[in-house]
Amino acid sequence: MNIVYATSEVAPYSKSGGLADVSAALPHEMAKLGHNVLVFTPYYRCVKKLEPKARQIAQGFVPVGSDSIGWTLHAASTNSAAAKDRAQIYFIGCEQYYDRDGLYGTAKGDYDDSCQRYVLFSRACLAAVQSLALSVDVWHCHDWQTALIPIYLKLLFAKHPLLSGAATIFTIHNMGYQGLFWHWDWPLLNLPWKHYNWKEMEFHGKMNLLKGALIYSDALTTVSPTYASEIQTSAFGFGLEGVLQDRATDLTGIVNGIDENDWDPATDPLLPVAYLPSDLDGKAKCKIALRKRLGLPDDGSAVVGMIARLFEQKGFDLVASSLDDLMRRDIQLVILGTGREEFHRMLENVRQSHPEKVAVSFAFDNELAHLIEAGSDMYLMPSRYEPCGLNQLYSLKYGTPPIVHRVGGLADTVIDATPESIAAGTATGFQFDTYSARDMLAALDRALHLFKIEPAKWNKIQRTGMVQDWTWTVSAKKYVEVFKATRAKVTRSSN
Ligand code: ADP
């Protein structure tokens, strides 16, 4: 199949979260399965820094409201027609929208022209495949930034000689981000006003791009089976649960994988010392290196790591409300992340009052992220909701048992340590059911008890997690099954 994978971020070029990691791995896995996969992503300033001379292969203009805006198409220098098992990466350039410091905005918030930036991107992706004369079998779109692709294909190009007939699959990475804009932005889309209604793209008086994609895509996926069920309820659907219930039979949950070329403690070049499940000496050395780097003394405590966007979603309100209790425990807390100012302030205050117990880095630092995964004893991920989550998977691989709220992908990927699961050799971490400081602390205490008092059981939990297979191999096949079934359905209905 000819598959176009449209995404607003892809590592190592551009990254704000897990979507970038997924986009860096899944397209190549699908290429390995014999498909011709093209990845389209914006040519942001940070991408240009890594790929200053990406060869321009096409250009054109597309409408964004009443303006006609120029776009360019660039091939990544790593592309090679000979490498059949690699996806080809293409960048969509548009200086006025993408030549900026941030991907989506500044510390103050999203860019004012977010809508225009992704109207341009979606339009340019559709124009670019025409320039390449590519007959696309499957469009694989991700999150609201690419929501307009399935919408345009259905509403504007259903009879187009090249663009019609492709199947559109839309993957939801987070229902909390919907591409909501005030209704006066509607003309930017160049769609008839008749589609601005509550059954299509209107949502409580605003325009909602994600809603349009949920309605117009041929199939929907999200990044774990539990999240696929959760988002059909009012607790997790962010107001779109009804739309998702209507599409329940077209919605599949597929857990993300991890790319072991980047995330494997046995080969990770970002670690001072490598280690294997059978020999965790190197992990102890990574802990020493982590403490040294962050200026934490060796006080014999357990190092608890967290790497996350500093937002409520990631459970920082629970952390905030339990700081005193956390500080009374025999732990050191190591946190890497950026996000909401109030969480920065809260963490900075606790760091200042407990410099020997807390280290915080307000940065986006991939190298430190790897060291935290390796050098921590356990990993705290108390997310309020979590579509899939990658850090708990990295933690499993790095022998750093995760302590997680039992939601979404965390419920699907971590096996709670109970006397039975430990005895059976299946336990990999610690889960808590209720989103409360009390339950989170109880799960942490269970982990600390085993860590301190029952090291043999602790080691067993570490090793069980480390040898699990969370590579993309299985999940990529599931995506291909969805693509094939959807393609067959689309072909049948157009005949
Ligand atoms: P989300 O996509 O909701 O942010 P995930 O757990 O799916 O959460 O993925 C987050 C990804 O971003 C992981 O690869 C994680 O290591 C990385 N990450 C998040 N914050 C930082 C940071 N401050 N520095 C380095 N990497 C980070």
Side-chain angles (χ1 to χ4, degrees), residues 7-26 46 102-104 107 142-145 171-177 222-224 226-227 231 236 238 253-265 268 270-271 290 293-294 305-316 334-340 343-344 347 359-376 379-398 400 402-405 407-414 429 470 472 475:
T7 176
S8 60
E9 51 185 273
V10 51
Y13 305 105
S14 50
K15 173 166 172 174
S16 79
L19 172 61
D21 295 18
V22 173
S23 303
L26 175 59
C46 56
L103 296 188
Y104 305 120
H142 302 262
D143 281 352
W144 75 262
Q145 290 88 348
T171 297
I172 304 158
H173 294 262
N174 193 331
M175 286 299 295
Y177 300 87
T222 189
V223 289
S224 69
T226 295
Y227 194 59
I231 57 180
F236 295 93
F238 285 90
I254 303 174
V255 163
N256 287 335
I258 62 175
D259 186 347
E260 291 192 353
N261 293 318
D262 288 332
W263 293 94
D264 181 350
D268 189 336
L270 300 177
L271 300 186
L290 177 64
R293 168 149 178 194
L294 298 174
M306 291 184 85
I307 305 157
R309 294 178 292 109
L310 302 180
F311 289 95
E312 280 86 354
Q313 185 209 332
K314 298 294 176 181
F316 283 98
V334 167
I335 300 179
L336 167 65
T338 56
R340 279 188 57 175
F343 293 129
H344 282 226
L347 293 171
V360 195
S361 177
F362 300 117
F364 201 92
D365 185 339
N366 187 42
E367 193 178 336
L368 182 57
H370 283 245
L371 187 58
I372 292 175
E373 287 292 4
S376 301
Y379 189 86
L380 183 59
M381 200 156 170
S383 308
R384 184 183 282 273
Y385 72 94
E386 192 58 75
C388 178
L390 288 173
N391 278 307
Q392 85 281 13
L393 298 178
Y394 300 147
S395 302
L396 292 170
K397 187 75 198 164
Y398 280 64
T400 310
I403 301 158
V404 303
H405 182 208
V407 280
L410 301 175
D412 292 339
T413 57
V414 175
W470 289 110
W472 271 103
S475 295

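Indexing begins at 1, ligand by ligand and atom by atom, following the structure's order.
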*Asks:* Among I172, T171, V223, which residue meets the side chain to side chain contact (heavy atoms under 4.5 Å, CB included) test with H142?
*Replies:*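 Only match with H142 under side chain to side chain contact (heavy atoms under 4.5 Å, CB included): T171.
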*Asks:* Backbone or side chain, does any N or O of W263 fall under 3.5 Å from an N or O of ligand 1?
*Replies:* no
*Asks:* Could you tell me whether K397 and E373 have a side-chain N and a carboxylate O separated by less than 4.0 Å?
*Replies:* no
*Asks:* Can you tell me the protein heavy atom closest to atom 21 (C) of ligand 1 and the distance?
*Replies:* F364 CE1, 3.4 Å
*Asks:* Which pair of heavy atoms, one from L390 and one from G257, lies closest together, and at what distance?
*Replies:*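 For L390 and G257, the tightest heavy-atom pair comes out as CD2-O, 3.7 Å.
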*Asks:* Pick from N174, V407, V255, D412: which one makes a side chain to side chain contact (heavy atoms under 4.5 Å, CB included) with Y227?
*Replies:*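 Only one option passes, and that is N174.
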*Asks:* So which heavy atom in the protein is nearest atom 24 (N) of ligand 1, and how far is it from that ligand atom?
*Replies:*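 Looking at atom 24 (N) of ligand 1, the protein heavy atom closest to it is D365 N, 3.0 Å.
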*Asks:* Compare every heavy atom of L310 with every heavy atom of F343, then report the nearest pair and how far apart it is.
*Replies:*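 Here F343 and L310 meet closest at CD1-O, 3.4 Å.
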*Asks:* Output, in order, the C-alpha distance, side-chain angles, deciding distance and verdict of side chain to side chain donor-acceptor pair (under 3.5 Å) for Y398 and S376.
*Replies:* CA-CA 9 Å; Y398 280 64; S376 301; over 6 Å; no
*Asks:* Return yes when G337 approaches ligand 1 closer than 4.0 angstrom through a heavy atom, no otherwise.
*Replies:* yes
*Asks:* Please verify whether a non-hydrogen atom of K314 lies at under 4.0 Å from ligand 1.
*Replies:*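 Judged by the 4.0 Å heavy-atom criterion, K314 does count as contacting ligand 1.
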*Asks:* Quick one: look at A20 and ligand 1, take heavy-atom pairs under 4.0 Å, and tell me if it's side chain, backbone, both or neither.
*Replies:*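 No part of A20 is near ligand 1 at this cut-off.
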*Asks:* Are the side chain of D143 and the backbone N or O of S8 linked by a donor-acceptor pair below 3.5 Å?
*Replies:* no
*Asks:* Select the closest option to atom 11 (C) of ligand 1 among A363, G339, G18, judged by heavy-atom distance.
*Replies:*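 Nearest option to atom 11 (C) of ligand 1, by heavy atoms: G18.
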*Asks:* Within a distance under 4.0 Å of any heavy atom of G389, pick out the atoms of ligand 1 and give their elements.
*Replies:*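 In order of numbering, the contacting atoms are 6 (O), 7 (O).
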*Asks:* Atom 6 (O) of ligand 1: which protein heavy atom is closest, and how many Å away?
*Replies:* L390 N, 3.0 Å
*Asks:* Is there a polar contact between ligand 1 and R309, counting only N or O atoms under 3.5 Å apart?
*Replies:* yes
*Asks:* Please report the shortest heavy-atom distance between Y379 and S395, naming the atom on each side.
*Replies:* CG-OG, 3.1 Å
*Asks:* Does any N or O of ligand 1 fall below 3.5 Å from an N or O anywhere on N391, backbone included?
*Replies:* yes
*Asks:* Is the distance between the ring centroids of W144 and Y177 under 6.0 Å?
*Replies:*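 No, too far apart.
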*Asks:* Which bit of Q392 is near ligand 1, meaning a heavy atom under 4.0 Å away: side chain, backbone, both or neither?
*Replies:* neither
*Asks:* Short N/O distance, under 3.5 Å, between G17 and ligand 1?
*Replies:* no
*Asks:* Thinking salt bridges, do D365 and R293 make one under a 4.0 Å N-O criterion?
*Replies:*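 Salt bridge flag = yes for R293 with D365.
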*Asks:* At under 4.0 Å between heavy atoms, which part of K15 makes contact with ligand 1: side chain, backbone, both or neither?
*Replies:* side chain
*Asks:* Minimum distance, heavy atoms only, to atom 14 (O) of ligand 1: which one of L310, D21, I335, N174 is it?
*Replies:*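 Of the listed residues, D21 has the closest heavy atom.
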